[in-house]
**Q** 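Structure provided below as structure tokens; questions to follow.
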Amino acid sequence: MRPQKWREFTTSLTSNLAGDLHTPSEEQKACFRRIHALAVGGRRVVADYDSRLSFLLQLLRDDQLREFNSATETPVHARLLLGLLRHQANLKCLRVRLDWAVGADAIDEVASWTVDSTSLLASALRRLKTLRIYIGDSLMPGAYTQALHDYEVAYNGLLLAAAPHLDRLEICGWRWQGMSQHQEIRLNGPLEHPFGANQIPRTLRHLIIADLDLSGAEDGLVRALNLETLSLLKLEYCDRVGAFLRVLAAALRRKTKIPLKTLTVRTSPRNKGGKTDCMLGALDDLLQSFDGLVELECNFFFAAYVDWKSSLCRHPGLRKLHISSVLMTDGYASYPGTIIEILARCRNLHYFAYHPVAPYFDCIIDCELPTELSSRFCESLDAVAAAPALCMLRLLYAPGIDEDKLNRHNDAWVEKAAQIAQRFATLVLTYIHLRGSNIRVLALSPESRWKQDRGDSNLHFYPHYFYKLQIAEFEGQRIVNAVPLRDYVAECPEFAVFT
């Protein structure tokens, strides 16, 4: 163990390391005491998770942490959170979902600590710059569930009140155990609470809202924001965002100083076809209401039909553009022309992501490695290759992504998919290099928050693949290869934009 390597440490507390927490060696203690950013938890939780986390926190020096992240899937009990905050008062970043799944007889305890912890939170979070809060479904039936939701809203208010200098706020929806994944979680309830909109700091520059239904929240949310300081807005996997975009556009038109540089509008996978909530016109309206975007990500069903010619003309300085629409595939007749028009408008792009015309392969196990690209796909690659500043390309695709998900548990299938991906990447990089492209890094990475737990032989985690262009001399000829980037952030830190 080299202590200097442990400044950032991530653990699920399920590995063999967890067994060493009771009797750590002196070398391990030295490593733990150098951690500045600690991330814990994950999808797989052991029965004694709370105990393991408690032992880990006891190994830390007082006030050594600058960042504490707990996975959404593993909420933290109130006593552990309060114990952490008593000993770590230098936090700059806090992302924790509190465990509200307490028995009915513990409701009084929850009510008590949400009131009694005010002074502790104010002391521990006074330096906080980044905060994530969670919102459960306020419409779940039952007085018990409703009471816990009220405490959650009050707790979020306490966090906001304790962190007056926030720079970044993340508001995330989460589902009670047993709640349908198709049930939407509304944001408007917390904004109507006295601890809601009025306590969003006026210093806020970055706002991320994820997995929430924005219907009914549009006016309150826009009023809560200081649009003269907001430089980043991300709506991640949200429902019914159209009305909010229109209210925001109207508010921006009334401003003379607009620092907004980064915008993401990514709707929930549930938002298909008829559930677009007038997204098409709303996004056009928003993009034409101000100038100066540098990064733009759009992912919704009809994104292919946005009036990109008009919408992008006010943002000539775009350096990153990500457009995802399932219609930008074989079923969309104007697909190549759309890509050509977009890239012609954005001459300063360094990064571009889009849906390619999906290559047709037989089932992964039985198919041959590809030897050529379709002519329709090459039409869009011609426009990509001609983009003068483009050096990073992400194709929102991976081999076998539409096959039965059970196949992904088959090691042979995963390795074959990796071989196909690398061969396909080599064909793409060869094609655009021969046409003078400056692209040096290529990702095959669909719109998916999921990835395989285990890596393939290239240390890629399906369905996400990353390659760099390499040119080799062979028998007097220059050969283009797609070389896997096993840890692309470490190997090419300038391309961390893929994360």
Side-chain angles (χ1 to χ4, degrees), residues 50 53 57 63 65-72 74-102 106-138 140 144-174 176 185-204 206-210 212 217 220-221 223-226:
D50 284 352
L53 178 56
L57 296 179
D63 299 331
L65 287 184
R66 300 296 180 269
E67 182 174 335
F68 181 75
N69 298 304
S70 176
T72 304
T74 45
V76 173
H77 194 281
R79 65 175 180 273
L80 282 176
L81 175 61
L82 296 181
L84 168 74
L85 297 181
R86 286 191 186 98
H87 294 281
Q88 302 298 332
N90 285 329
L91 287 172
K92 297 291 184 66
C93 173
L94 180 66
R95 296 183 177 98
V96 176
R97 181 165 75 85
L98 209 61
D99 186 1
W100 297 103
V102 297
I107 272 220
D108 290 339
E109 178 189 344
V110 173
S112 173
W113 87 260
T114 53
V115 174
D116 297 342
S117 60
T118 303
S119 60
L120 172 60
L121 292 176
S123 173
L125 304 183
R126 64 188 184 278
R127 295 184 175 89
L128 205 65
K129 294 295 185 181
T130 297
L131 173 66
R132 176 178 293 176
I133 61 176
Y134 288 90
I135 297 174
D137 181 26
S138 62
M140 285 290 285
Y144 164 65
T145 302
Q146 188 59 51
L148 290 180
H149 176 75
D150 290 342
Y151 291 135
E152 179 182 61
V153 172
Y155 160 69
N156 288 339
L158 292 176
L159 291 178
L160 287 170
H165 305 298
L166 274 187
D167 182 72
R168 178 184 178 100
L169 176 62
E170 303 169 3
I171 308 174
C172 302
W174 68 278
W176 299 95
I185 304 167
R186 298 180 67 185
L187 175 62
N188 65 321
L191 288 177
E192 295 164 357
H193 193 279
F195 283 115
N198 292 336
Q199 288 195 341
I200 294 181
R202 306 300 289 173
T203 58
L204 198 69
H206 297 173
L207 175 65
I208 294 89
I209 303 175
L212 286 165
L221 182 55
R223 282 197 304 270
L225 299 177
N226 182 359

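Predicted model, so just to flag it, every value in this text is computed and none were measured.
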**Q** With sequence neighbours left out, what residues match L80 under side-chain contact (heavy atoms from CB on, under 4.5 Å)?
**A** D50, L53, S54, V76
**Q** Just to verify, what does A163 make a side-chain contact (heavy atoms from CB on, under 4.5 Å) with, not counting sequence neighbours?
**A**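 Expected list: L128, L166.
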**Q** Return the set of residues passing side chain to side chain donor-acceptor pair (under 3.5 Å) with T72 (not counting sequence neighbours), or none when no residue passes.
**A** Y134
**Q** Return the CG to CD1 distance between L187 and I135, rounded to the nearest 0.5 Å.
**A**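 Going from CG on L187 over to CD1 on I135, the span is 5.0 Å.
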**Q** Quick check: do I208 and R168 have side-chain heavy atoms less than 4.5 Å from each other?
**A**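 Yes, side chains in contact.
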**Q** If I take atom CZ from residue R79 and atom CG from residue L84, how far apart are they, to the nearest 0.5 angstrom?
**A**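 These two atoms lie 14.0 Å from each other.
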**Q** Are L160 and L169 close enough that some pair of their side-chain heavy atoms sits under 4.5 Å apart?
**A**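 They are in contact (side-chain heavy atoms under 4.5 Å apart), so the answer is yes.
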**Q** Name each donor-acceptor pair under 3.5 Å that joins a side chain in residues 86-93 to protein atoms two or more places apart or in another chain, with its distance.
**A**
| from | atom 1 | to | atom 2 | distance (Å) |
| --- | --- | --- | --- | --- |
| H87 | ND1 | D62 | OD1 | 3.1 |
| Q88 | OE1 | D63 | N | 3.2 |
| Q88 | OE1 | Q64 | N | 2.9 |
| Q88 | OE1 | L65 | N | 2.9 |
| Q88 | NE2 | R61 | O | 2.9 |
| N90 | OD1 | R127 | NH1 | 3.0 |
| N90 | ND2 | D63 | O | 3.1 |

**Q** What heavy-atom pair brings P164 and P201 nearest, and what distance separates the two atoms?
**A** O-CB, 3.9 Å
**Q** Report yes if the side chains of R95 and T130 come closer than 4.5 Å at any heavy-atom pair, otherwise no.
**A** yes
**Q** Just how far is it from atom CD of E152 to atom CZ of R97, taken to the nearest 0.5 Å?
**A**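 If we round to the nearest 0.5 Å, E152:CD and R97:CZ are 8.5 Å apart.
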**Q** Of all residues at least two apart in sequence or in a different chain, which pass the salt bridge (Lys or Arg N to Asp or Glu O under 4.0 Å) check with R132?
**A** E170
**Q** So, taking the atom named CG in L81 and the one named CG in L121, what distance separates them when rounded to the nearest 0.5 Å?
**A**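 Atom-to-atom, L81:CG and L121:CG are 7.5 Å apart.
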**Q** Could you grab the distance from atom CG of L212 to atom SG of C172, nearest 0.5 Å is fine?
**A**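 Result: 7.5 Å between the selected atoms.
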**Q** Can you check whether I200 reaches N226 side chain to side chain, under 4.5 Å on heavy atoms?
**A**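 Side-chain contact under 4.5 Å: no.
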**Q** Check salt bridge (Lys or Arg N to Asp or Glu O under 4.0 Å) between D167 and all other residues, then give those that pass, not counting sequence neighbours.
**A**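 If we apply the salt bridge (Lys or Arg N to Asp or Glu O under 4.0 Å) test to D167, skipping adjacent residues, the hits are R205.
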